[in-house]
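Below you'll find the structure, written out as structure tokens, and then a few comments.
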Amino acid sequence: MEEIIDIIRDGENKTAIWIGNDDMGIPRHLLQGEKRNGVISDGKTLTPWYWDGLCAIEGERYVYFSPCKLRPVYELAASARSHALEIVRNLAFALSQSKKDFLDLITGIFPLYRIWIYEETSVLILPPDLGDIFAVMRSEERKEAEVNKMIQGNAEKPFLLITEMAELLYFAATGCFPFANDDAREAGFKEIPLSIYEKVPEKTEGLISFIFHAKNREMRDIMGNRDGGENLSWFLKRTEDLEWNLPDRSDEECRKAIEKAEKSEEYSSFFSAREKKAKRNAFWRVKGTIIIVSTVLVLSIGGFLWSYISNLLEPPLTKDMEPAEIIEFFYDAQSDCNPDALLTAVKGFDPPQQMEVMNLYVTTRTRMAYESFDPLINAAEWVEEGKPDVPESSNIYGVIPESIEKTGENSYEAVGIWYTPFPYDEGTETFVTDAGEIPVYTYEITQSFTFTWNDRGWWNITDSEILDHQFLGAESVKTYALERKI
């Protein structure tokens with residue numbers, strides 16, 4: 001899969017970036033409102049950048065815009081390696097000048113999927129609304145690599161952008177991200193020394209190492225009371241006179257360099273020591289508390305704490321259910337927008353509707369907090385009650401299963417009617433309603449489920465896929481004003 005392609009759209013040449021697989025289309029609420037602009041940074045000025053639109057090509061979703069030369073940020077370790085320091089500084093400049101709502105630092109890390117190398121050494125930063133679409137359509141594994149595994153767990157949150165800049169320089173030198181490996185994270189975020197992979201100027205290596213291992217007091221001295229983006233002024237000042245002497249290389253040369261480093265005696269010695277520490281930390285994190293609490297149990301309070309811990313280890317609510325019942329439970333959880341219940345019987349994968357349910361759950365809880373009003377209407381209950389009028393600004397959402405059939409030894413196929421407040425397909429015309437009405441879109445969706453019987457004695461859903469979805473139509477629902485207690 002090529003990340004960047006050239007296409008023709010409406011008779012004009014365009015450049016396009018791959019977003020993700022287009023199995024279910026984009027939730028409509030992500031496309032509402034005015035599009036925001038991104039920025040191009042050359043380290044001195046910020047130039048607004050605009051995207052034209054979204055399109056689907058052979059089942060894959062792309063964003064397209066005016067033609068330009070782009071490279072993924074991962075080229076820092078290959079074709080853009082000789083300019084990596086300049087590129088990272090250009091990125092840091094842009095982020096240091098950006099407002100909080102543009103940065104949208106939920107985790108403290110700026111997502112890699114919003115960062116692209118523009119022309120030779122400038123940086124293109126995608127706007128947050130487009131970033132939200134990337135976040136929804138990226139696979140969980142890809143998002144984990146582009147956000148979560150960039151987080152240096154020992155760093156304070158406002159310091160994380162500084163850490164991220166150092167991680168990008170480490171990646172440019174080595175071809176590996178320092179904390180992406182689970183062993184590095186388990187060993188207290190102890191990265192493999194940069195010198196094992198590559199020789200860089202002493203001051204450059206020293207700054208990267210200092211950032212990774214700065215003590216809390218040192219971080220606070222650097223941060224003061226500033227936010228994450230503002231803290232990058234420190235990084236820009238400290239990197240003004242740094243040397244960077246690494247040449248460009250091909251992806252194959254990068255791979256061979258990593259393999260060579262990992263075969264060295266120095267790497268083996270370091271990795272062996274770190275692996276032992278990681279295993280000790282993992283053991284005591286997972287088992288240590290149970291061992292300590294169990295000892296306290298036996299020596300002191302006994303039954304009460306043991307009962308409490310037993311409850312934490314209880315099987316799921318679906319333990320006594322047959323697969324068809326679990327599917328019904330699964331759809332009930334979807335209709336309630338309950339992410340925890342949705343995943344009760346799921347193991348080892350992310351169901352296709354998980355992100356949609358999560359987004360609606362967050363939106364619902366946010367509105368409840370600000371408006372003292374639950375905007376979610378369970379579609380199954382609404383239909384059962386005869387489709388009555390609903391409070392204004394509500395969302396009708398949920399699934400009504402029509403059939404659940406066994407298709408194999410441990411496989412099932414379910415067909416259901418899904419009600420949503422937005423269309424799934426970009427090509428579906430938006431249903432225009434009058435004042436005092438809201439739209440509801442309906443789809444017939446076929447979904448497969450694969451089950452596995454686990455050693456503890458119950459069924460788990462271990463795979464699921466949307467096989468087909470057909471648009472059935474849209475309707476308007478009358479609303480009434482609700483007296484809210486503020």
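The basis for the numbers below is simple: all heavy atoms, side chains too, and nothing from hydrogens, waters or symmetry mates.
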Looking at CH2 of Trp418 and CD of Gln334, how far apart are the two atoms once the value is rounded to the nearest 0.5 Å?
4.5 Å
Walk me through it: do Leu70 and Ile17 pass the test side-chain contact (heavy atoms from CB on, under 4.5 Å)?
CA-CA 9 Å; Leu70 279 185; Ile17 298 175; 3.8 Å; yes
Quick one: CD1 on Ile404 to CD on Glu322, what's the gap to the nearest 0.5 Å?
12.5 Å
Got a sec, which pairs hit ring pair (Phe, Tyr, Trp, His ring centres under 6.0 Å) with one end in residues 391-415, sequence neighbours left out?
Tyr412-Phe451
Does any part of the side chain of Val73, heavy atoms only, come nearer than 4.5 Å to the side chain of Trp116, both counted from C-beta?
no
Does Thr452 reach the main-chain N or O of Thr462 with its side chain, forming a donor-acceptor pair under 3.5 Å?
no
Heavy-atom closest pair (Val39 atom, Asn37 atom, distance to 0.1 Å) is CG1-ND2, 4.3 Å
Say whether, by atom type as modelled, one donor and one acceptor occur between the side chain of Lys143 and the main chain of Ala135 under 3.5 angstrom.
yes
Electrostatic pair Arg36-Asp101, nearest N-O below 4.0 angstrom:
yes
Hey, could you give me the CD/CG distance between Glu167 and Leu169, rounded to the nearest 0.5 Å?
10.5 Å
Side chain to side chain, Tyr64 and Ile7, heavy atoms closer than 4.5 Å:
yes
Are Asn359 and Val136 close enough that some pair of their side-chain heavy atoms sits under 4.5 Å apart?
yes
Would you indicate whether the side-chain heavy atoms of Ile125 and Leu91 approach each other to under 4.5 Å?
yes
Ring centre gap for Phe212 and Phe179 strictly below 6.0 Å
yes
Closest heavy-atom pair, Leu160 versus Gly108, reported as atoms and distance to 0.1 Å, is CB-O, 3.4 Å
Contact summary for Leu317 and Thr344, nearest pair of heavy atoms
N-CG2, 3.9 Å
Look only at the side chain of Lys35 and the backbone of Trp51, and say whether a donor-acceptor pair between them is shorter than 3.5 Å.
yes
Please answer whether the main-chain N or O of Tyr331 pairs with a side-chain N or O of Ser335 as donor and acceptor at a distance below 3.5 Å.
yes
Examine distances only and state if a side-chain atom of Arg226 and a backbone atom of Ile222 form a donor-acceptor pair shorter than 3.5 Å.
yes
Is it the case that the side chain of Asn231 and the backbone of Pro158 share a donor-acceptor pair, with hydrogens and angles ignored and the cut-off at 3.5 Å?
yes
Where Thr163 and Ile211 come nearest, the two heavy atoms and their spacing:
CA-CG2, 3.7 Å
Among Asp104, Leu95, Val147, which residue meets the side-chain contact (heavy atoms from CB on, under 4.5 Å) test with Phe110?
Leu95
Between the CD atom in Glu402 and the CD atom in Glu444, the distance rounded to the nearest 0.5 Å is 5.5 Å
Side-chain donor-acceptor pair under 3.5 Å between Glu164 and Gln152, yes or no?
no
Residue list, salt bridge (Lys or Arg N to Asp or Glu O under 4.0 Å) with Lys100, at least two apart or on another chain
Asp227
Between Leu54 and Leu130, is a side-chain contact (heavy atoms from CB on, under 4.5 Å) present by the stated rule, with each step listed?
CA-CA 10 Å; Leu54 304 168; Leu130 186 54; 4.3 Å; yes
Worked verdict on Ile417 versus Leu472 for side-chain contact (heavy atoms from CB on, under 4.5 Å)
CA-CA 9 Å; Ile417 306 299; Leu472 300 181; 3.6 Å; yes
Let me know which of Trp453, Phe449, Phe329, Phe330 forms a ring-ring contact (aromatic ring centres under 6.0 Å, His included) with Trp459.
Trp453
Enumerate the salt bridge (Lys or Arg N to Asp or Glu O under 4.0 Å) contacts for residues 144-157, please, sequence neighbours excluded, ordered by first and then second residue.
Arg138-Glu146, Arg142-Glu146, Lys149-Asp182, Glu156-Arg220
Over all heavy atoms of both residues, which pair between Ala379 and Ile400 is shortest? Give the atoms and the distance, please.
O-CD1, 4.4 Å
Going by distance alone, is a donor N or O of one side chain under 3.5 Å from an acceptor N or O of the other, for Gln447 and Ser464?
yes
Just do the side-chain contact (heavy atoms from CB on, under 4.5 Å) check on Thr479 and Asp389 with the steps written out, would you?
CA-CA 5 Å; Thr479 65; Asp389 298 350; over 6 Å; no
At their closest point, which heavy atom of Leu342 faces which heavy atom of Ala333, and how far apart are they?
N-CB, 3.4 Å
Between the CG atom in Asn338 and the CG atom in Leu360, the distance rounded to the nearest 0.5 Å is 12.5 Å
Between Glu2 and Trp18, is there a side-chain donor-acceptor contact under 3.5 Å, judged purely by atom types and distance?
no
Taking the six-membered ring for Trp, are Phe171 and Phe177 parallel (under 30°), tilted (30 to 60°) or perpendicular (over 60°)?
parallel
Going from CD on Glu141 to CG on Asn148, what distance comes out if it is rounded to the nearest 0.5 angstrom?
12.5 Å
Are Leu232 and Met165 packed together at the side-chain level, in the sense that at least one heavy-atom pair is separated by less than 4.5 angstrom?
yes
With a 4.5 Å heavy-atom cut-off, do Ile162 and Phe159 have their side chains touching?
yes
Compare all side-chain heavy atoms of Pro423 with those of Phe471 and state whether any distance is below 4.5 angstrom.
no
Does the pair Glu218/Lys215 count as a salt bridge with the N-to-O cut at 4.0 Å?
no
Is it true that Glu3 and Tyr113 share a donor-acceptor pair across their side chains at a distance under 3.5 Å?
no
Sub-4.5 Å side-chain heavy-atom contact between Val123 and Ile117
no
Centre-to-centre under 6.0 Å for Tyr443 and Tyr424, is that the case here?
yes
